[in-house]
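Model, not experiment: these values are computed from the prediction. We count ligands from 1, going down the list as the structure has it; atoms in each ligand are counted the same way.
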Amino acid sequence: MIYPKIPLAQSIIEICYAKGIKDIVISPGSRNAPLTIGFVNNTKFNCYSIADERCAAFFALGIAQQTQKPVVLVCTSGSALLNYYPAFAEAFYSQIPLIVISADRPQSKIDIGDGQTIRQENVFQNHSLYNANLTEKVSVENDKEINYAINKAYVNKGPVHINAPFEEPLYQTVSTLDVDVTILDLSKTINDINEAELFEFISIWNTSKKKLILVGENKPDKIDMEIIDLLANDDSVVVMTETTSNLHHHSFLNSIDTIITPFSKKEFDFLQPDILITFGGMVVSKRIKAFLREYKPKHHWHIDPLRAYDTFGHLTKHFVADPTMFFNQFLPFTTPIESNYKAVLEGTKVLRKVKHDQYSDLISFSDFKVFDKVIATLPEECMLQLGNSSTIRYAQLFDLNPRIQVFCNRGTSGIDGSTSTAIGAAVANKKQTILITGDIGFLYDSNALWNEYIPKNFKIILVNNGGGGIFRILPGHEETPVFNKFFETSHCLTAEQLAKMYGFEYSIASDEANLETSLKALYAQNEKPCILEIFTPTRENNSVLLNYFKELV
Ligand SMILES: Cc1ncc(C[n+]2csc(CCOP(=O)(O)OP(=O)(O)O)c2C)c(N)n1
């Protein structure tokens, strides 16, 4: 066995191993050589080499998004580390465990004019669950710090930073370990809800005729089918799900904007809930957020084992629990109450569906049409990764096969790592992965394709509307040169040369007929990763979408 000679590097690697960490994403550098040598020479780890740290961090995020276990990132000193920040922040808000290990020079060498040095300690402070600032010499204190950081990433599901100073020589190896590491167990506390406290809330539930459950980003298969059925069969309960909720029932309202955008004041008054219950992560729909901020519920309960954001300015209770556990404890005590809440909204859903289908049949080739066709034809057993921002918003308007799992970086809603994340997820999950992305997001993260681990069946559906289409949809859009240059960032670039350079199969579609044939060919081919680039009419897309909302009534 080969170990790095530097004992601190040995300790870090041994503790990672003892904690069950498997995946290590390494970016090149010299200062981190002791870690690179140690991780790569230990066959227990899967080591990935990715040069661009921003992409490396999103790739790691994609792996951790799927495995729900911490992934380690290793980089050299200097600005390398700062390039992890976008994914680090995304991990923080999306509750995904990441462990950043940065190599550093000893503190005496910082800010004295040495090369490739910056102030690395606590550099992610604002979004880090733990900062372990190690010292060069091996000590129980150092071991404890490493343990605390890793345990925190596991238990509190988020990003942590370990900064490790190494002095030269950096490349020497030994054949036996010099350290005997200290391991601190994970102390997981299972939260059981206090029953006496629960009864106060059960009595509110049992006397409320309008209960709205809103589910944000949620991992697939997190909620028991029995709970889903109980909620779906309660006349006083309306469940609204976002596409990233991965939660399905035919009676749930899965297209929130389609339902509520055309509502009159009277309909909003009716929708205003007595109790709002939320669980899951970020909510995409701006309209539901605006509605709930204006039409405040009497009670807002959020269920989450770790965090509760007061998204609507009226949070009244945080149940510190896993949603399945909460409902298993809570629902047996609830009693039915007469209510037309669910029936009325189900009626709206039926009407909207008719109008939606009529409209979809009529419209010309556009972003809307593309999403209609693409979502309807996705292979049943695929994993869907979505880019920001109009991509996820369009996707929310269409019925999706419940077997398809959906993910999107909505922690910070960045466009800077959707492709890298999708590739990481594809590596970690054996399902065929399909990324739907806009052109600006795709071009931004094109270094994601500089990756030798991309599975052969990985597919990108690139909707090229010539710029940031979202800005045409948002209020404030005016067709001026300033808009085109500074908001839309309009361009005439395509993915063709990138596809060629990175060994992707490449095809294009620019009307409905060749979209259908191109999609069939895309799904059938699994010998090479592919990009299907779909060109849509820049100037017509927003009116097709805005008219959709007008035609729903
Ligand atoms: C890192 C980052 N920079 C800027 C933004 C602001 N932003 C949101 S959407 C968007 C344009 C996205 O355009 P594109 O990828 O073409 O998708 P489309 O909206 O056309 O679907 C921008 C610049 C962001 N979300 N993240």
Can you pull every nitrogen or oxygen pair between ligand 1 and the protein closer than 3.5 angstrom?
from, atom 1, to, atom 2, distance (Å)
ligand 1, 15 (O), Ile440, N, 3.3
ligand 1, 15 (O), Gly441, N, 2.7
ligand 1, 16 (O), Asp439, N, 3.1
ligand 1, 16 (O), Asp439, OD1, 3.3
ligand 1, 16 (O), Ile440, N, 2.9
ligand 1, 16 (O), Gly467, O, 3.0
ligand 1, 19 (O), Ser390, OG, 3.0
ligand 1, 19 (O), Gly469, N, 3.4
ligand 1, 19 (O), Ile470, N, 3.0
ligand 1, 20 (O), Asn465, OD1, 3.2
ligand 1, 20 (O), Asn465, ND2, 3.1
ligand 1, 20 (O), Gly467, O, 3.2
ligand 1, 20 (O), Gly469, N, 2.7
ligand 1, 21 (O), Ser390, OG, 2.3
ligand 1, 25 (N), Ser413, O, 3.0
ligand 1, 26 (N), Ile415, N, 3.1

Worksheet entry | Selection residues 467-481 - residue pairs positive for salt bridge (charged side-chain N to carboxylate O under 4.0 Å, His left out), sequence neighbours left out | Arg472-Glu479, Arg472-Glu488, Glu479-Arg539
Enumerate donor-acceptor pairs with a distance under 3.5 Å from any side-chain N or O in residues 70-83 to protein atoms, sequence neighbours excluded.
from, atom 1, to, atom 2, distance (Å)
Thr76, OG1, Gln116, NE2, 3.4
Ser77, OG, Arg105, NH1, 3.3
Ser77, OG, Gln116, O, 2.9
Asn83, ND2, Ser79, O, 3.1

Response to the item:
Hits for ring pair (Phe, Tyr, Trp, His ring centres under 6.0 Å) against His249, two or more places apart or cross-chain, chain-then-number order -> Phe252
Fill in: Exercise: do Glu242 and Gln396 side chains pair donor with acceptor under 3.5 Å
yes
Discussion item. Any salt bridge linking Asp445 with Arg54? Criterion: basic side-chain nitrogen under 4.0 Å from a carboxylate oxygen.
Written reply: yes
Worksheet item: Between Asn131 and Asn163, does any side-chain donor sit less than 3.5 Å from a side-chain acceptor?
Response: no
